[in-house]
Amino acid sequence: MTTGGHGTDGVERRGLMFVLSSPSGAGKTTLSRMLLEREPGLKMSVSATTRQMRPGEVEGRDYFFVSKPKFETMVEQGELLEWATVFDNLYGTPRAPVEAALSAGQDVLFDIDWQGTQQLHQKASVDVVRVFILPPSAADLEKRLHSRAQDSDEVIRKRMSRASHEMSHWAEYDYIVINHNVDEAFAEVQSILKAERLKRERRTGLVGFVRGLQAQLQG
Ligand SMILES: Nc1ncnc2c1ncn2[C@@H]1O[C@H](COP(=O)(O)OP(=O)(O)OP(=O)(O)O)[C@@H](O)[C@H]1O
Ligand SMILES: Nc1nc2c(ncn2[C@@H]2O[C@H](COP(=O)(O)O)[C@@H](O)[C@H]2O)c(=O)[nH]1
């Protein structure tokens, strides 16, 4: 899964897949929205899910809300890059938009769980950057789930009871960010993205660029 886009310095570069995972409520959606607002060249991967739409969510922006049979057809037809069962619902990443974005030289942002991250990493490890977001404390996590005011107490209980299991996968990630303060956490996530974009091995145009510099120096 390679691409040819240009970095801000004009040097051609492969697009990357930037993954945020965390226990539910730690702040992935919040940080994703901030990144999308402030980082040009980054496109959100919109997942398909069988879960119910929450108040305020928009079809095609937050998720593609599909029935279970439709999701199963997407799986059978190879339309999903990865998929998993999370909190009794099915979630998956539509393949075509990700491939199109990477081919157009964009980076792609994913808000997916550890199961999906493992699958993406198996398929395209060098192009995947994995960031795990931790809450500062269990009490903060619970408070955030309640403050979001979009899930029933039962759903929140279920998410809290899964949080420890989700967190047990933290060591499979390249970077860990503790989301105490949202602006500080955002600055950390943004610096990870900026540094990863500069990695030598992604910058396919460097050889030609350096040869050009050398020719200038010799000529
Ligand atoms: N640093 C922070 N301090 C206080 N509240 C925060 C912070 N970061 C996020 N929040 C709030 O916590 C709630 C949960 O955040 P968010 O929806 O981004 O979590 P999430 O990780 O995407 O959850 P899910 O996996 O369930 O989608 C939101 O109401 C958000 O505004
Ligand atoms: N493996 C995948 N996990 C996904 C995908 N889209 C979202 N998720 C994860 O599900 C939970 C719950 O999300 P919510 O919106 O119901 O709160 C969260 O951990 C997401 O990261 C996906 O396509 N694949």
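Order of appearance sets the numbers: ligands from 1, and atoms from 1 within every ligand. Quick caveat: nothing in here was measured; it's all calculated off a predicted structure.
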Ser24 N/O to ligand 2 N/O under 3.5 Å: no

Residue-ligand contact Arg159/ligand 1, heavy atom below 4.0 Å: yes

salt_bridge(Arg54, Asp62) N-O dist < 4.0 Å: no

Numbered atoms of ligand 2 (with element) below 4.0 Å of Thr93, judged on heavy atoms: 23 (O)

Any donor-acceptor N/O pair, Ser191 side chain to Glu188 backbone, under 3.5 Å: yes

For Gly116, atoms of ligand 2 separated by under 4.0 Å from a heavy atom: 1 (N)

Heavy-atom donor-acceptor pair, Thr85 side chain to Asp88 backbone, under 3.5 Å: no

Ser22, portion touching ligand 1 at heavy-atom distance under 4.0 Å: side chain

Nitrogen or oxygen of Ala48 less than 3.5 angstrom from that of ligand 2: no

Tyr175 side chain to Glu196 side chain, donor-acceptor N/O pair below 3.5 angstrom: yes

Contacting atoms of ligand 2, where contact means under 4.0 angstrom from a heavy atom of Ala84: 1 (N)

Option with minimal heavy-atom separation from atom 9 (C) of ligand 2, where the choices are Thr49, Asp113, Leu145, Asp62: Asp113

Nitrogen or oxygen atoms of Arg148 and ligand 2 under 3.5 Å apart: no

Lys28 heavy atom under 4.0 Å from ligand 2: yes

Donor-acceptor contact present, side-chain Ser21 to main-chain Phe132, <3.5 Å: no

Arg33 heavy atom under 4.0 Å from ligand 1: no

Val86 contact mode with ligand 2 (heavy-atom cut-off under 4.0 Å): side chain

Side-chain ion pair, Lys43 and Asp107, N-O less than 4.0 Å: no

Arg159 touching ligand 2 at heavy-atom level, < 4.0 angstrom: yes

Ring centers of Tyr91, Phe71 separated by less than 6.0 Å: no

Side chain, backbone, both or neither: Phe110 near ligand 2, heavy atoms under 4.0 Å: neither

Under-4.0 Å salt bridge between Glu82 and Arg95: no

Arg202 (side chain) donor-acceptor with Val126 (main chain) under 3.5 angstrom: yes

Shortest reach to atom 10 (N) of ligand 1 by a heavy atom, considering only Glu184, Arg144, Met34, Lys28: Arg144

Interfacing atoms of ligand 1 (cut-off 4.0 Å, heavy-atom, Thr30): 9 (C), 15 (O), 16 (P), 18 (O), 30 (C), 31 (O)

Within the 6.0 Å centroid threshold, strictly below: His121 and Trp114: no

Under 3.5 Å side-chain donor-acceptor pair for Lys68 and Thr50: no

Where ligand 1 meets Ser147 - atom numbers and elements under 4.0 angstrom, heavy-atom basis: 29 (O)

Cationic N near anionic O, under 4.0 Å, Glu142 to Arg157: no

Identity and distance of the protein heavy atom lying nearest atom 6 (N) of ligand 2: Ser47 OG, 3.1 Å

Ligand 2 contacted by Glu166 (non-hydrogen, < 4.0 Å): no

Pair Arg33 + Glu37, salt bridge at N-O below 4.0 Å: no

Heteroatom distance test (Trp83, ligand 2): nitrogen or oxygen, under 3.5 angstrom: no

Ligand-side contact atoms (ligand 2) for residue partner Arg51, heavy atom cut-off under 4.0 Å: 14 (P), 15 (O), 16 (O)

